[in-house]
Amino acid sequence: MPQITLPDGSVKSFDHSVSAFDVAMTIGERLAKACVGCLIDEELCDLNTVIESDCTLSLVTEKTRDKQDDPNALFLLRHSTAHVMAEAIQRLIPGAMLVYGPPLENSFYYDIKFPDDRPLKDGDFEAIEKEMTAIIKENRPFTRYELEYSEGIRKIEAEGSKYKLDNAHRAHEAGSLSLTFYATGEPGKDWEDLCRGPHLPSTGRIGAFKIMSLASSYWHGDENSDRLTRVYGTSFFNKKDLKAHLERLEEAKKRDHRVLGKKLRLFAIDDAVGQGLILWTPNGSIVRKELQNFISAELTKQGYSEVFTPHIGKLDLYRTSGHFPYYADSQFPPLIERDHLVELSEEGCSCAQLSNNMSTGQIEGFMLKPMNCPHHIKVFDSQPHSYKDLPVRLAEFGTVYRWEQSGELNGMTRVRGFTQDDAHLFCTPDQIGAELQGCLSLVKIIFDVLGMIDYRVRVGLRDPDSGKYTGDPANWDKAEQACREAAQTLGVPFTEEPGEAAFYGPKIDFIVKDVIGREWQLGTVQVDYNLPERFNLSYIGADNEKHRPVMIHRAPFGSMERFIGVLIEHFAGAFPVWLAPEQVRVLPISEKSNDYAAEVLAQLKAVGIRATSDTHDQRIQAKIKNGSEMKIPYLLIVGPRDAEAKAVSVRAFGTEKDLGSMPLDEFIAAIANEYESKGTTTVKERFATATV
RNA sequence: GCCACUGUAGCUCAGUGGUAGAGCGCACCCUUGGUAAGGGUGAGGUCGUGAGUUCAAAUCUCACCAGCGGCUCCA
């Protein structure tokens, strides 16, 4: 006798078991037909799930009542589309073994092991899509059935897929006593798959789909395990939504920092220089310099000392820090002294021997620095410190080099040489809390000034099962607790993630998404008890005894390269005045106004505004178009009327029409103010307030 | 590093086993035009690199390099 509570609080009583679909029918046939699944006691289930006992029931329709996408409905849709795709692929390539096919936020994939002699190619998409269309047209129901565990295992063994067998074992280990299968149609007759579900009622509900791309993946995500082929696709309930999704992807591409970087001439990468090595062109250099000046001013306020250190250090330095030889794979190879190299090559020394001798310290050399900490530690250690001197805060825009795998390089966001806005704070254990908060506030100041509100905070802890973390567990516990407490003071939600710590200590990271949804770590604050230990650092306490300082590593931007890459996308290339490489462009209406344009330009430059004038032999419309495409904050149209009145006609980026005319000296004061205040007051606002 | 795709003029891209194409940009000429492209002329390319197949390769094959989308990694 199930009593079913609906979301509006009403209760429906039945004297027999019913399916969710039946319940929907008692409310209305139209509703029932619009349903694709249901939530029973908050758990997403098939629409035809039979309800035997009291529960809450919420029906899942294609769209919510206010016509929005329903994440649960899309989950069912994409999971079901993955099944249809898998069936189509197996029809086309019978030896293909299925592994795992989950839905994602905007898409789905299926990991598949293809026979070595028949890999999947991009050219197969059309044939697969054709098969899928046929399966959808047949409108076959997704039919769930359960087998007792050992019986299910026999069935899977008979099919001969070690991957599915592995999935079944895992389900069993997780406590499942039976195995569930889904047939696309009739069990025993139609295609089926070991699957937890749930699914749509039938294939016909898949309105629109597209196979997107192929990638290689690893079984269990393990690089040393079997290589699988991952087939990505996406689906929607109707063609219009699919089209809108594809258009969004196209739009996102336009604000990609790699596209804008070229168009706005912000940076370049040249093969002859090397992969992942950024050439900062004049425009990009302006953005970088403005950001550096901004943060430097904040550092001065917070009592930091700026230092400069070289780009290389001896191998021994990194033996002490623990970077060499343990992280040798992710670094540029060492620089070996010339005489040594000659000697070794004359002796016929093999590469393996060379590498061995370097690890053991028999051969000395230098390394391009992968991080700045060892150098800063040596700066700290260059003189004795009293507890009264602490905290010592050493800051440097330090350039580091790391040998990232070629497939990981990405525009400015993943590079092989980059400059961190780095600092290392040496403090007493008592000072950690306050210092961490100071560091976090710096990150917040940056995000606030730039209007970056869409970020998440991660507290990276050590993974107790991993051996890569060095140091005393008791210190780790203290450091992790300090990070947790500091993160709590931020006033924003954060997640604690084991396995995300640095090898020497836990950290608090600020993570932002790029235009295509990839996450990038920007600002970071890390607590470190280990390196002070390794380098035997000390300060003299009030008791006249030596004490060990604690180190805090922090970089509010993370790296200039990655930060500016993300920033370009954040602003879609339309930088605010204080960051814009070209802040103002003067557009004379014709050659006759060139003289006045030159006068305006000279006055702008005199107050430090980055301005140019466009004296090309073009009409004003073309000049406006060019200026707008370069996303210049202000275009000043100047013609005879303006020259007469000693005024300028102002057109701000992002406004359809011009703002109107303004006396030249007033504009200059206003733009200088906008620059100085980092946009707290703007030229645009002056016009707004003038009209009120 | 792994899998797929891509690589043609400064940029965006078309093209195809038989003499290399367009638009934008650039230079020059005409035009002196008041808020998102005025018109004309011209310069500019070993078709990513190297090998192979062929009478003939930018086009087909192989290798390499680079980019893109993923995977893995990220101190």
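In what follows, every chain begins at residue 1, and chains take the letters A, B, ... in the order their sequences are listed.
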### Query
Is rC24(B) paired to anything, Watson-Crick or G-U wobble with both distances less than 3.5 Å, and if yes, which nucleotide?
rG10(B)
### Query
Going by modelled atom types, is there a donor-acceptor pair between the base of rC71(B) and the side chain of Ser217(A) at under 3.5 Å?
no
### Query
Taking the side chain of Arg227(A) as its heavy atoms from C-beta onward, which of rU72(B), rG70(B), rC2(B) lies nearest to it?
rC2(B)
### Query
Between rG69(B) atom C1' and Leu249(A) atom CG, what is the distance in whole Å?
11 Å
### Query
With both distances under 3.5 angstrom, what nucleotide forms a Watson-Crick or G-U wobble pair with rC64(B)?
rG48(B)
### Task
Assign Gln521(A) to base, sugar-phosphate, or nothing according to its heavy-atom contacts below 4.0 angstrom with the strands shown.
nothing
### Task
Can you tell me the distance, in whole Å, between the CG atom of Asp124(A) and the P atom of rC3(B)?
17 Å
### Query
Phosphate oxygens OP1/OP2 of rA4(B): is one of them under 4.0 Å from a side-chain N or O of Lys121(A)?
yes
### Task
With sequence neighbours left out, write down each residue that passes side chain to side chain contact (heavy atoms under 4.5 Å, CB included) with Glu599(A), or none if nothing qualifies.
Tyr596(A), Gln603(A), Lys646(A)
### Query
Hey, does the side chain of Asn410(A) come within less than 4.0 Å of rG69(B)'s phosphate (OP1/OP2), counting only N and O?
yes
### Query
Can you tell me how far P of rC74(B) sits from CG of Asp463(A), to the nearest Å?
12 Å
### Task
Classify the nucleic acid contact of Leu635(A) as base, sugar-phosphate or nothing, counting any heavy atom under 4.0 Å across all strands shown.
nothing
### Query
Expressed as a whole number of Å, how far does the C1' atom of rG33(B) sit from that of rA9(B)?
31 Å
## Note on the structure
Result for 5'-nearest mapping on RNA chain B, choosing between Ser213(A) and Arg562(A), is Ser213(A)
### Query
If the C1' atom of rU32(B) is compared with that of rA66(B), how far apart are they to the nearest Å?
47 Å
### Message
Could you check whether the side chain of Arg265(A) and the base of rC11(B) have a donor-acceptor pair of N or O atoms closer than 3.5 Å, going by distance alone?
### Response
no
### Task
Look at the side-chain N and O atoms of Ser406(A) and state whether any lies under 4.0 Å from the OP1 or OP2 oxygen of rG1(B).
yes
### Message
Between rU54(B) and rU59(B), how far apart are the two C1' atoms, rounded to whole Å?
### Response
13 Å
### Query
OH of Tyr218(A) versus C1' of rA4(B): gap in Å, rounded?
13 Å
### Query
After noting the C-alpha distance and the side-chain angles of Lys121(A) and Asp124(A), does the key distance pass the salt bridge (charged side-chain N to carboxylate O under 4.0 Å, His left out) rule?
CA-CA 5 Å; Lys121(A) 298 274 179 190; Asp124(A) 294 321; over 6 Å; no
#### Entry: Between rC68(B) (C1') and Lys262(A) (NZ): distance, integer Å
11 Å
### Query
Would you call the rings of Tyr163(A) and Trp219(A) parallel, tilted or perpendicular, where under 30° means parallel and over 60° means perpendicular?
perpendicular
### Query
rU12(B) and rC55(B): how far apart are their P atoms, nearest whole angstrom?
39 Å
### Query
Expressed as a whole number of Å, how far does the P atom of rG44(B) sit from that of rA27(B)?
16 Å
### Query
Among side-chain atoms of His616(A) and Asp614(A), is any donor-acceptor pair under 3.5 angstrom?
yes
### Query
Does Arg414(A) make a side-chain donor-acceptor contact with the base of rC74(B), cut-off 3.5 Å?
yes
### Message
Using a 4.0 Å heavy-atom cut-off, does Gly221(A) contact any base of the nucleic acid, only the sugar-phosphate backbone, or nothing at all?
### Response
sugar-phosphate
#### Entry: His245(A)-Phe236(A) aromatic ring centre distance below 6.0 Å
yes
### Message
Heavy atoms only, 4.0 Å cut-off, all strands: where does Glu223(A) land among base, sugar-phosphate and nothing?
### Response
sugar-phosphate
### Query
Does a donor on one side chain sit under 3.5 Å from an acceptor on the other, for Glu396(A) and Asn372(A)?
no
### Message
Between rA63(B) and rG18(B), how far apart are the two P atoms, rounded to whole Å?
### Response
25 Å
### Summary
Atom CG of Leu214(A) and atom C1' of rC2(B) are separated, to the nearest Å, by 13 Å
#### Entry: Base-pairing mate for rC2(B) - Watson-Crick or G-U, with both contacts under 3.5 Å
rG70(B)
### Query
Hey, which of these two, Leu409(A) or Tyr504(A), hits RNA chain B nearer its 5' end, going by closest nucleotide?
Leu409(A)
### Ring geometry between Phe510(A) and Tyr455(A) (parallel below 30°, tilted from 30 to 60°, perpendicular above 60°)
tilted
### Summary
note: Leu120(A), atom CG; rA4(B), atom P; distance rounded to Å ~ 10 Å
### Query
Taking atom C1' in both rG42(B) and rU46(B), what distance in whole Å separates the two?
23 Å
### Task
Check every strand shown and say whether Arg518(A) touches a base, only sugar-phosphate, or nothing at a heavy-atom separation below 4.0 Å.
sugar-phosphate
### Task
Sticking with atom C1', work out how far rC26(B) lies from rG10(B), rounded to a whole angstrom.
9 Å
### Task
Check the side chains of Gln521(A) and Lys507(A) for a donor-acceptor pair under 3.5 angstrom, ignoring hydrogens and angles.
yes
### Message
Whether Arg258(A) contacts rG69(B) is assessed here as follows: a side-chain N or O lying under 4.0 Å from the phosphate OP1 or OP2. Is that the case?
### Response
yes
### Task
Could you let me know what rG34(B) is paired to, Watson-Crick or G-U wobble, both distances under 3.5 Å, or none if it's on its own?
none
### Message
When you compare the side chains of Asp642(A) and Ser649(A), does any donor N or O come within less than 3.5 Å of an acceptor on the partner?
### Response
yes
### Task
Using a heavy-atom cut-off of under 4.0 Å over every strand shown, decide if Tyr232(A) touches base, sugar-phosphate, or nothing.
sugar-phosphate
### Task
For nucleotides 31-50 of chain B, just jot down a letter per nucleotide in 5' to 3' order: B, S or -, based on protein non-hydrogen atoms under 4.0 Å.
BBBBBBBB------------
### Task
Would you classify Glu519(A) as touching base, sugar-phosphate or nothing, given that sugar-phosphate means primed atoms plus P, OP1 and OP2, and contacts are heavy atoms under 4.0 Å?
nothing
### Task
If the plane angle is over 60° it's perpendicular, under 30° parallel, otherwise tilted; pick one for His553(A) and His424(A).
perpendicular
### Summary
Whole-Å distance, Leu104(A) CG to rG70(B) P, equals 11 Å
